[in-house]
Amino acid sequence: MDRKVTCNVLTGFLGSGKTTLLNAFLRQHGTGGTAVIVNEFGAIGLDQFVFQEVADNVYLLDSGCLCCTVTHSLRETLLQIKDVAAQAGQADLRQVIIETTGLADPLPILHALLGDRVLMDHFQLGQVIATVDAVQGAAQLHTHGESLRQASVADQLVITKTDLAGAAPLKVLRGLLKQVNPHAQVSESAAGQAATSVFAVDEVCRSMALLSSQQRHIESGVAVSQFSAAQPEEAHDHGIHDHGIGSWSAFIDVQPTWAGVSAWWNLLVHHYEDRLLRCKGLLRMDDARPFVLIQGVGKVFHSPTFLARWPDADPRSRLVCIGLDLDAGWLQDSVRALSIAEPSSRPLTLDEVNDCLS
Ligand SMILES: Nc1nc2c(ncn2[C@@H]2O[C@H](COP(=O)(O)OP(=O)(O)OP(=O)(O)O)[C@@H](O)[C@H]2O)c(=O)[nH]1
């Protein structure tokens, strides 16, 4: 494998249509360029049988929930996929789709991927795709913290089972999803028919999908949106309370430097600690490789992706943060840290940022 293979994480609440969507994609495109990792909650996995009808390149993870117990076997499985592809001379392997259990928190999975240097030599993170049931999704977002968390951190939201829902509940759900995650691209699907567009793997396609949805939101001004759900009822406790998950986004008007990106990230993590869930940004650096996508997952900042070209017509750099209790004013002020030029500068407050810049 000379170039990196994209890992897309497919999540979504129990029964929300993950397998149906993925199966539709495999039926249309085969598995020449795609390997699938399936993780099911419960001792007996069934999804692999659905997939094996259409595909060979399907790997079943041990029982247990991917985000809690089997990140090690995820790592081993990815390395196995890499070795199998190399031995078979499968230069066309372009993506691995990881289907989580319906109760999974996607963040630990992203950590397992992005925090592992060996894996990152061969793989790159693509998108988090979350399916939301058109009929039950709104109720699930209100009552199950897992569902809210999955939707909050997704790059793409796919409303499934639209054939079963009336126009009015669909409208309510669309509005709810906009509140939960205004940055995600939202598509709708009946019987998996949106599969092809959902699993696009081309780098520019991916960044365009990510950014066009951000752009629509940012155009309407700097904003924090908030949405709350009740605590998860069932025992799947990661010690995280899902009250007040919100998002903030802005175009930035300072020239970022790498020292500044590092200082800003440090400031952000120091300020929000575990309340920070996800951060994404498209930055135009004054550098030999100027076009950069940055990603943070929880408190971890991951290797940037360098783009061959700026992915859309708007030249402005932009940032998105998702987390708990976000403060738009504080975040907007924090952006100035991006222009810090001195690599050793580590401001921990906005006043210290001012000192660094004066
Ligand atoms: N009518 C209709 N049924 C659907 C659609 N998508 C999924 N289903 C049905 O919903 C049920 C659950 O779908 P799955 O694809 O297995 O859902 P899942 O998210 O993989 O489920 P878990 O792995 O248990 O979390 C199945 O009976 C599907 O046939 C759809 O778009 N329309």
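Whatever order the structure lists them in is the order used to number ligands and atoms, beginning at 1. We count residues from 1, following the sequence as given.
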Look only at the side chain of [X] and the backbone of [Y], and say whether a donor-acceptor pair between them is shorter than 3.5 Å.
X: N181; Y: A154; answer: yes
X: R289; Y: M285; answer: no
X: S189; Y: T160; answer: no

Counting only nitrogen or oxygen atoms and a 3.5 angstrom limit, does [X] reach ligand 1?
X: T131; value: no
X: T160; value: no
X: G15; value: yes

**Prompt:** So, does Q193 sit close enough to ligand 1 that a heavy atom of it is under 4.0 Å from the ligand?
**Reply:**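 It does not, in that no heavy atom of Q193 comes within the 4.0 Å cut-off of ligand 1.
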**Asked** Does A190 come within less than 4.0 angstrom of ligand 1, counting non-hydrogen atoms of the residue?
**Response**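 The answer is yes, since A190 has a heavy atom less than 4.0 Å from ligand 1.
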Taking 4.0 angstrom as the limit and counting only heavy atoms of [X], give me the atoms of ligand 1 inside it, by number and element.
X: K18; result: 15 (O), 17 (O), 18 (P), 19 (O), 20 (O), 22 (P), 25 (O)
X: D163; result: 1 (N), 2 (C), 30 (C), 31 (O), 32 (N)
X: A191; result: 30 (C), 31 (O), 32 (N)

**Asked** Nearest 0.5 Å, what's the CG-CG distance between L350 and D355?
**Response**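 That separation rounds to 11.0 Å.
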**Prompt:** Could you give the distance from NZ (K82) to CG (L93), rounded to the nearest 0.5 Å?
**Reply:**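 Atom-to-atom, K82:NZ and L93:CG are 12.0 Å apart.
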**Asked** Does L319 belong to the same Ile/Leu/Val/Met/Phe/Trp/Tyr cluster as W330, with side-chain heavy atoms less than 4.5 Å apart forming each link?
**Response**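 Looking at the clustering, W330 is in the same group as L319.
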**Item:** Among E188, K161, E99, closest by any non-hydrogen atom to atom 9 (C) of ligand 1
**Value:**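 Among E188, K161, E99, the closest heavy atom to atom 9 (C) of ligand 1 comes from K161.
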**Prompt:** Taking the minimum heavy-atom distance to atom 15 (O) of ligand 1, which of T20, V158, L14 ranks first?
**Reply:**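 Minimum heavy-atom distance to atom 15 (O) of ligand 1 goes to T20.
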**Prompt:** How about D286: does its CG atom have over 12 heavy atoms from other parts shown lying under 6.0 Å from it?
**Reply:**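 Open: at most 12 neighbouring heavy atoms sit under 6.0 Å from CG of D286.
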**Message:** Below a 4.0 angstrom heavy-atom separation, can you tell me which part of L164, side chain or backbone, both or neither, approaches ligand 1?
**Reply:**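 Only the side chain of L164 comes within reach of ligand 1.
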**Message:** Can you tell me how the ring of W265 sits relative to the ring of F301, calling it parallel under 30°, perpendicular over 60° and tilted otherwise?
**Reply:**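 Plane angle between 30° and 60°, so tilted.
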